[in-house]
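The basis for the numbers below is simple: all heavy atoms, side chains too, and nothing from hydrogens, waters or symmetry mates. Letters go in sequence order (proteins before strands), and every chain restarts at 1.
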2 protein chains.
Amino acid sequence: MKYLHIPYYLRLRDSLAKKIEEGSLLPHTKLPSERDLKDAYDINRVTVRQALMQLESEGLIYRLIRRGWYVSPPRLFYDPTKSVSFMDNVRAQGRVPETVILSKTEMAASDWVNRTMDIAVGAPVYLLRRRRLIDGRAVLVEHINVNPVLCPGLLDLPLECSLTETLKEQYGIKISRTVINMYPAPLDSTQAEELQVVAGAPCLYLTRASYDQHDNIVEFDQEFWRHDVLEISMEVNNA
Amino acid sequence: MKYLHIPYYLRLRDSLAKKIEEGSLLPHTKLPSERDLKDAYDINRVTVRQALMQLESEGLIYRLIRRGWYVSPPRLFYDPTKSVSFMDNVRAQGRVPETVILSKTEMAASDWVNRTMDIAVGAPVYLLRRRRLIDGRAVLVEHINVNPVLCPGLLDLPLECSLTETLKEQYGIKISRTVINMYPAPLDSTQAEELQVVAGAPCLYLTRASYDQHDNIVEFDQEFWRHDVLEISMEVNNA
DNA sequence: GTATTTTTCTGGTATAGACCAGATTTGAAT
DNA sequence: ATTCAAATCTGGTCTATACCAGAAAAATAC
């Protein structure tokens, strides 16, 4: 005997998903409040939230903390094998990028920086933290660790645009090799707040180690993307 | 005035996460039942489930439907830029791969197959469905569509191993170009059941279009990975 | 008109309880 | 000893209710 009953929370999920897919709910539209949905579908608010969280995990809707639930915009294509900057990539897909500097400091290298960047513990390292937005919506925060030996005074230059370009034009540094890692991870409370997301929400954690033409590690970047923003897309030639 | 109280569900999350990270709970260990955790931490079962689902979304634990919660094994590194087969990749990381054929059929090409594979609607296409396991745990199901014109009789050959190798050795087909896409998506009820996961659970959806030396599309692969299995890892040379 | 306070609305956390379906274990019948 | 049925345990779904903190809107004071 098979279980055939479709749970209420999946019915609401399907109902909303259908409206989103057929376009009667456009990106960034606010959904009715949880209490309104509860009344409209005559189910408990807990069940409503189960449906909403399901849709959130699928990337169909997102929430602004204590403000409401909204329809997600389409994902941004990202090709890790191409070194296209965030700004260029977003613009190329007809959308509007933005960068906000959260902080820029010179710090003493920690043990972790020592291991990942081969900088002596206590030696100076630049830490740049930025938030980046697409069409006005915060989509990632990044922590960029840079070796100041290779680019002294970097923090006094404009940092809203592509770092890679600045490194090339101002310091003659050409990134020749990049090591990328990514997997889902939870956001800690600081970054969650900066993305206006509940603490612990899943994100796509992406690290990028960039090496110059002499194989020095120039930059170690940690990116915390909202989990529903990216679609990884790439072409590989099997030589 | 800032909100400082740490919610109960996050405390339980942290408590379990700590035990997992420090190794006092080993991979594939069964956690106490939800009702036992509820009693042990003196909180409501709903709150316990909130913590467990949080850990699940982080990939630290997984569940076998109606059987319990278990500690997740480490992620498998996967480099999409290298064409290493599943079997080889799993073995290279000291783990035991397994493949189960779910079905193999010759079908009439659908509209969707026509668009993705450039095969006339109604013309034959091979569909191979496999489940793959690591250390006895189902981690993905895949739907492989193959153009039979390029490899007649393929379905009568052994299909448990690397398809790419079979295509090369039996038909002289060399995959020269691959287009890969991936993003999180929900599992439909069929695949969810095949992975012993609740319907709608998030997975990593990965598609792979493989072209031969004459740029014919040989194979279109849809892979549904458990969301907590992979860590994408790659090195890019910026020529 | 503008600033400030108050109220209302929103989602976030939490409790207590209930019943279901499937997996597992127990116990009884053979 | 083996088979089969019953009891138990597990997670899955759902209701009703409560209070909190922060965001937004409305009302008030200046």
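Side-chain proximity of B/Pro7 to C/dT13, C/dA16, D/dT13: nearest is C/dT13. Residue A/Lys30 has its side chain nearest to C/dT10 when only C/dT10, C/dT13, D/dT17 are considered.
Distances shown here put every side-chain N or O of B/Tyr8 at or beyond 4.0 Å from the OP1 or OP2 atom of C/dA14. B/Thr47 has no side-chain polar atom (N or O) that falls below the 4.0 Å cut-off from OP1 or OP2 of C/dT13. In terms of phosphate contacts, B/Ser33 brings a side-chain nitrogen or oxygen within less than 4.0 Å of OP1 or OP2 of D/dT10. Within the structure, every side-chain polar atom (N or O) of B/Arg67 is placed at least 4.0 Å from both OP1 and OP2 of C/dG22.
Between A/Arg208 and A/Glu219, no side-chain nitrogen of the basic residue sits less than 4.0 Å from a carboxylate oxygen of the acidic one, so the salt-bridge criterion is not met. Taking 4.0 Å as the cut-off between side-chain N and carboxylate O, B/Asp14 and B/Arg11 do not count as a salt-bridged pair. Taking 4.0 Å as the cut-off between side-chain N and carboxylate O, A/Asp39 and A/Arg35 do not count as a salt-bridged pair.
Atom CD1 in B/Ile43 sits roughly 13 Å away from atom P in C/dT13 (whole-Å rounding). For the pair B/Asp39 CG and D/dC9 P, the computed distance is 13 Å after rounding to whole Å. Rounded to an integer number of Å, the gap from A/Glu56 CD to C/dG11 C1' is 12 Å. Atom pair B/Ile65:CD1 and C/dA21:P shows a separation of 14 Å (rounding to whole Å applied). If you take CZ of B/Arg49 and P of C/dA16, they are 18 Å apart, rounded to a whole angstrom. In this structure, CD1 of A/Ile6 is placed 17 Å from C1' of C/dC20, rounded to the nearest angstrom. A/Glu34 has its CD atom 21 Å from the P atom of C/dT8, to the nearest Å. Taking atom CZ on B/Arg63 and atom P on D/dT13, their separation rounds to 8 Å, with Å as the unit.
Side-chain N/O atoms of B/Arg45 and base N/O atoms of D/dG12 include a donor-acceptor pair closer than 3.5 Å. With hydrogens and angles left out, the side chain of B/Asn44 and the base of C/dA14 share no donor-acceptor pair within 3.5 Å. With hydrogens and angles ignored, a donor-acceptor pair closer than 3.5 Å exists between the side chain of B/Arg35 and the base of D/dG11.
In summary, the aromatic rings of B/Tyr41 and B/Tyr8 are positioned with their centroids too far apart to meet the 6.0 Å limit.
Between the B/Thr29 side chain and the B/Leu25 main chain, no donor and acceptor come within less than 3.5 Å of each other.
Using a 4.0 Å heavy-atom cutoff across all strands shown, B/Leu64 reaches no nucleic acid atom at all.
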